[in-house]
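These notes are about the structure you will find just below.
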Amino acid sequence: KRGRFITNMGFANFVTAAVDSADPRIKGTMMVILEESDPGTYDRGTPTRKLVHQLSSTNDPVLSLRVPASRIIGGYAVKDGVIVPRYSHGEIIEAVFRRTRVTVGLMTSAKLLSAVEPILRYQRTRFRGGETVAPGSPRYELGLQQREDVLHRLIDVWATGEASASLGFAAARLFDELDPIERRKDEIFAEQSVGGGSAQFKALRRLQKDALDCLHQSVEPENPLVKYVLLDSLANVLCPATKLWNTGHGANMMREAVSLMGGYGITEDCPGFLGHKWMDAQLEATYEGPEAVQRRQLSVTMTNDVFLAQFDQWVAQMREIAVRRPGTGACTLASAMQLWLWTLTYLQHATDAHGVRLYQSARQGVSFALADALCFLLASRCQTAVSATAMVPPNLPSDSYVGACSCRRAQNQFVLDAQRRDKVLAHRPPGAPGVARGDAFQDAHVRGHHALEKPVLARHQRPDLGHQVADRVQQQNQQGIV
């Protein structure tokens, strides 16, 4: 077997390799462990000639070894004299990449955040030393940062780094929660003699209704298999979203960071080595599955009913944050999330001029664009949730159930706001031009978005509150509250 671009191969004394065999005594593909001491050829090969990740050992090895069947990862069974691996190489690679892709995404996030300080230092000292630039003057102290364009572009770099880090760490925490439940799931299926692959898929699919019931009732499931269905639906979206957005969009923003340094950004002695980080980010967007692979996975997993139910609850969570912290932009984000949900629903049922359904595997111009849009929303949602962490009650079972609880609190908050505005209106002196700024803002917030809030409330079995808010807003509009 000839390897290509194998990390750490320059000093590795064992390798995990995906293999297929023409031997009729072995069925299917598998992953095996190859050791340096095994009989045969264990040639580490020549170093790969690459432009990126120069500190990482990467070689192109040549391996031709004889190993015992006990080296098959995951074990095997013998049926009619044929060795049948329990897991194919694809299943094992996907289980590994499902977790390591999150780490790759965070690598790009770290590069973006590390670029902010070098850019600040460079831009603020850009004009110092000139005869016409006096110490203490704005030009001396701020340099290029007197320009609005420079500030806005730098904020974009920083915000992308923060949002991608929030998304990556949210995915990492989710997998920390999922891992023990996944092991418990395997134990239960082993006791029930449920095999892997399609058998497990069918067994879990039957539990989707129970998972949806737990979400609508805002309760944590007692059945570990139902809890696995809930968390797995999120993991199947957050993992490719982290890899796609952090490394894909992150690489584009690293180019922006380099451009903010001018010609200095592509020199070897550039502070922060931004040029090298930009090139490294290109590799991170490619390995462990390039962007098209992540979009393809998202186009399937983001249509899962269990995920969409939790996404719907995140909309309510953003609405609540908007009420409590208007400056976070959570209300705009919630509206964008609702627009994405509407677009997905429409495209799943709409057809083109030839009667062909728009949302399908072959129409990647449709599904891939929706996957990209979802990644921006998820990253912004995670960043907004982090900024509002202080308002989230303690001891919630997991982020999967925050949305449902938040929806109830948001509904109560809207009713309380309406009652408060009634009191202010009742005590307002005749001829007063308006109400206090806080009440005016809350009123404008509800008046501007009640058309979007109403269906959210209805979906969560409280349509009466939606009508109460809408009627209250209509009444206040007639009375001229601004």
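Worth knowing before you read on, the calculation uses all heavy atoms, side chains too, and leaves out hydrogens, waters and symmetry mates.
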- Task: Describe, in one word, how the ring planes of Phe311 and Trp340 are oriented to each other, choosing from parallel (under 30°), tilted (30 to 60°) and perpendicular (over 60°).
- Result: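 Correct class here is tilted.
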- Task: Could you give me the CA-CA distance, side-chain angles and deciding distance for Ser64 and Arg2, then say whether side-chain hydrogen bond (donor to acceptor under 3.5 Å, both in side chains) is met?
- Result: CA-CA 9 Å; Ser64 180; Arg2 291 182 176 271; over 6 Å; no
More than 12 non-hydrogen atoms from neighbouring residues, nucleotides or ligands closer than 6.0 Å to [atom1] on [X], yes or no?
X	atom1	value
Glu268	CD	no
Lys209	NZ	no
Leu347	CG	yes

- Val82 side chain reached by Lys27 side chain, heavy atoms, under 4.5 Å: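 Side chain of Lys27 against side chain of Val82, heavy atoms only: contact under 4.5 Å found.
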- Message: Using side-chain heavy atoms (C-beta onward) and a distance below 4.5 Å, is Thr301 in contact with Gln297?
- Response: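 Yes, side chains in contact.
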Looking only at heavy atoms, what is the nearest atom pair of [X] and [Y], with distance?
X	Y	answer
Met254	Trp278	CE-N, 3.9 Å
Ala165	Leu113	CB-CD1, 4.4 Å
Val67	Ile33	CG1-O, 4.1 Å

Taking the basic N atoms (NZ, or NE/NH1/NH2) and the acidic carboxylate oxygens, is any pair closer than 4.0 Å for [X] and [Y]?
X	Y	value
Arg71	Glu35	yes
Arg183	Glu187	no
Glu320	Arg324	yes
Asp149	Arg153	yes
Asp352	Arg363	yes

Tell me yes or no: between the side chains of [X] and [Y], is some donor less than 3.5 Å from an acceptor?
X	Y	answer
Asp269	Thr267	yes
Thr48	Asp60	yes
Glu284	Thr247	no
Arg319	Gln338	yes
Thr100	Glu288	yes
Ser109	Ser164	yes

- Message: side-chain hydrogen bond (donor to acceptor under 3.5 Å, both in side chains), that's the test. Do Ser233 and Gln310 meet it? Break it down for me.
- Response: CA-CA 9 Å; Ser233 67; Gln310 294 177 85; 3.0 Å; yes
Check whether any side-chain N or O of [X] sits under 3.5 Å from a backbone N or O of [Y] as a donor-acceptor pair, and report yes or no.
X	Y	result
Lys277	Gly272	yes
Tyr42	Phe14	yes
Gln208	Val229	no
Ser57	Gly10	yes
Ser380	Leu377	no

- Message: Going by ring-ring contact (aromatic ring centres under 6.0 Å, His included), name the pairs with one or both residues in residues 170-201, residues two or more places apart or in two chains.
- Response: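 Residue pairs passing ring-ring contact (aromatic ring centres under 6.0 Å, His included), neighbours aside: none found.
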- Item | Chi angles and distances behind the salt bridge (Lys or Arg N to Asp or Glu O under 4.0 Å) call for Lys227, Asp232 | CA-CA 8 Å; Lys227 188 170 184 179; Asp232 186 62; over 6 Å; no
- Kindly say whether the aromatic ring centers of Tyr359 and His349 come within a distance under 6.0 Å.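 Between Tyr359 and His349, the centre distance exceeds or equals 6.0 Å.
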- Tell me, please, whether Trp314 has Arg381 positioned over its six-membered ring: NZ or CZ under 6.0 Å from the ring centre and within 45 degrees of its axis?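 Here Arg381 passes the 6.0 Å and 45° test against Trp314.
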